[in-house]
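Since the structure comes first, as structure tokens, the remarks are kept for the end.
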Amino acid sequence: MLTRSKFLQLVACGLGSIALTACGSQKSDDAKPAADAKKDDDAAKADAAPVAVRAAALKGPTAMGLVKFMSEVDDGNLKDEDYSFRIVASADEVAPLISKSEVDIAAVPANLASVLYNKTSGAVRVIAINTLGVLYICELGDTVHTVADLKGKTIYSAGKGATPEYALEYVLKANGLDPETDVTIEWKSEHSECVAALTQDATAIAMLPQPFVTTAQAKNDQIRVALDLNKEWAAASEAEGKDGNLITGVAIVRSEFADEHPEAVSTFLNHYQESVEFVNANTDDAAALVGKYDIVPEAVAKKALPACNITFVSGDDMKVQLGGYLEELADQNAQAVGGKLPGDDFYYIA
């Protein structure tokens, strides 16, 4: 017979069981959202599409430094982001691609980066220096061994209003020569015209960039490299108590893209640096890739690469070096940098 005391005990136990079950159920319900949230977060990361990173470079040293990077992408070895590259013939083609947001990162002449920054009210930033001086004074004879030897000479060059003009004027003036009276500078639209003029006038001088110097020498082995403007610029800068380099090319990024995808920019720079280091340490293999991407023929690249001064400088070092170079250009002609020096936000330092 169920006594009153036993009945009360059973009721108490039943209520305790219900309470424990309820507590266990509540605990499970509380834990479920946290677990689901983590699961959803992991799924989102796994399903997140790689960032599309569209890059452009000029035919020449800036594109040469990217060849290992491009090859790794084409071989399917780099999938952290969705990279695409295009190689164009002139800087005039790059500026519209950036302004229309058709590319995110581009290798451009150093002064053009500053011009674009000023024209677009800061819509681009510089992320790395990729090429130092690539300009050389060439002749058919053996008369030029110092900058002073250029006095009275006719110098043929392409690049009026760009780095070649500013670099030549800076070096001439630093060595006591007046570009207006001590030399005659004949500006041409193409480097091939300079070579043609050189071969037609045995006393003429041509200022040519690499790898075009090597291309010209392949056609005429009598062409001699007389002066390296990179070394002459550095010497002139040192004489002024400065530590400056002639800087030919830089890489820029759209500011909007950098703000939205800082990790993608950082990853791109890491791959770019690795590519430059490979190119500088493995001339033969790099030359083969340069030929593969139709930048210049492999044989030309093999001879030209050591003289192309391909480099990779980012962060604070980039700001110091590029800032000093742009100051020199602005001192010559403010329009060379877009009317004024760029602000500190021009320099992308992660």
Side-chain angles (χ1 to χ4, degrees), residues 51 53-58 62 65 91-133 159 161-167 169-170 233-234 236-237 240-270 272-273 276 311-350:
V51 175
V53 184
R54 303 161 300 172
L58 301 177
T62 57
D92 293 340
E93 296 178 61
V94 179
L97 295 176
I98 284 286
S99 62
K100 295 177 182 178
S101 300
E102 293 181 15
V103 298
D104 307 302
I105 294 173
V108 300
N111 72 303
L112 178 59
S114 179
V115 170
L116 287 174
Y117 169 88
N118 283 319
K119 283 188 174 181
T120 62
S121 300
V124 299
R125 299 176 196 160
V126 63
I127 55 177
I129 297 170
N130 55 36
T131 318
L132 298 179
T163 298
E165 179 180 12
Y166 307 130
E169 287 195 2
Y170 176 72
W233 181 289
S237 180
E240 294 179 352
K242 302 176 182 177
D243 184 21
N245 287 314
L246 173 56
I247 298 173
T248 298
V250 299
I252 59 174
V253 63
R254 290 191 301 108
S255 299
E256 182 180 14
F257 182 86
D259 290 339
E260 292 178 357
H261 307 291
E263 291 184 1
V265 175
S266 179
T267 303
F268 182 93
L269 287 173
N270 289 338
Y272 198 173
Q273 182 173 7
V276 167
T311 190
F312 182 92
V313 183
S314 60
D316 291 328
D317 287 344
M318 169 193 69
K319 182 177 180 179
V320 170
Q321 292 187 35
L322 182 57
Y325 173 70
L326 295 176
E327 282 182 18
E328 293 290 356
L329 294 189
D331 287 344
Q332 291 185 55
N333 181 355
Q335 294 309 310
V337 297
K340 61 181 179 180
L341 289 171
D344 285 344
D345 62 330
F346 173 60
Y347 301 95
Y348 182 86
I349 300 176

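In this text the structure is predicted, and so the values were computed from the model without any measurement. Side chains included, hydrogens not; waters and symmetry mates left out as well; all remaining heavy atoms used.
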Which atom pairs, one a donor and one an acceptor, fall under 3.5 Å between side chains of residues 95-102 and the rest of the protein, sequence neighbours left out?
| from | atom 1 | to | atom 2 | distance (Å) |
| --- | --- | --- | --- | --- |
| Ser99 | OG | Ala95 | O | 3.2 |
| Ser99 | OG | Pro96 | O | 3.1 |

Nearest 0.5 Å please: distance from the CG atom of Leu326 over to the CD1 atom of Ile247. 7.0 Å

So, using side-chain contact (heavy atoms from CB on, under 4.5 Å) as the criterion, who are the partners of Ala91 when residues are at least two apart? Leu58, Pro109, Leu112

Pair listing, salt bridge (charged side-chain N to carboxylate O under 4.0 Å, His left out) test, anchored in residues 103-113, at least two apart: Arg54-Asp104, Asp104-Arg254

Spell out, as yes or no, whether a donor-acceptor pair under 3.5 Å connects the side chain of Ser237 to the backbone of Trp233. no

Over all heavy atoms of both residues, which pair between Tyr166 and Leu329 is shortest? Give the atoms and the distance, please. CB-CD2, 3.4 Å

Test ring pair (Phe, Tyr, Trp, His ring centres under 6.0 Å) applied to Phe257 - qualifying residues, sequence neighbours left out: His261

Quick one: side chain to side chain donor-acceptor pair (under 3.5 Å) partners of Tyr117, sequence neighbours excluded? Asp345

Does Asn130 reach the main-chain N or O of Phe312 with its side chain, forming a donor-acceptor pair under 3.5 Å? no

For Tyr272 and Ala251, work out which heavy atoms get closest and say how close. CE1-CB, 4.1 Å

Could I get the full list of side-chain contact (heavy atoms from CB on, under 4.5 Å) partners for Glu93, not counting sequence neighbours? Val88, Ala89, Ser90

Taking Asn111 for its side chain and Ala336 for its backbone only, find out whether a donor-acceptor pair lies under 3.5 Å. yes

Under the salt bridge (charged side-chain N to carboxylate O under 4.0 Å, His left out) rule, what pairs show up with a residue in residues 107-128, not counting sequence neighbours? Arg125-Asp259

Which value, rounded to the nearest 0.5 Å, describes the distance between Phe346 atom CZ and Ile252 atom CD1? 7.5 Å

With salt bridge (charged side-chain N to carboxylate O under 4.0 Å, His left out) as the rule and sequence neighbours excluded, what pairs involving residues 321-341 come up? Lys242-Glu328

Quick check against the 3.5 Å criterion: does Asn118 have a side-chain atom that pairs as donor or acceptor with the backbone of Val337? yes

Only one of Asp316, Val126, Ile127 forms a side chain to side chain contact (heavy atoms under 4.5 Å, CB included) with Ile349, so which one is it? Asp316

Compare every heavy atom of Tyr347 with every heavy atom of Gly323, then report the nearest pair and how far apart it is. CA-OH, 3.3 Å

Side chain to side chain donor-acceptor pair (under 3.5 Å) partners of Tyr325, counting only residues at least two apart: none

Whether the side chain of Thr248 engages the backbone of Leu132 through a donor-acceptor N/O pair (distance < 3.5 Å, no angle test) should be reported. yes

Considering non-hydrogen atoms only, spot the tightest contact between Val103 and Ala106 and give its length. CG2-CB, 4.5 Å

For Val115 versus Gly338, what's the shortest heavy-atom pair and its separation? CG2-N, 3.4 Å

So Thr311 and Thr131, side-chain contact (heavy atoms from CB on, under 4.5 Å) or not? Walk me through it. CA-CA 5 Å; Thr311 190; Thr131 318; 5.8 Å; no

Glu169: partners by salt bridge (Lys or Arg N to Asp or Glu O under 4.0 Å), with sequence neighbours left out: none

Asp344: salt bridge (Lys or Arg N to Asp or Glu O under 4.0 Å) partners, not counting sequence neighbours: Lys319

Could you pull out all residues at least two apart from Gln273 that satisfy side chain to side chain donor-acceptor pair (under 3.5 Å)? Glu277

Heavy-atom closest pair, residues Val250 and Ala113: CG2-CB, 3.6 Å

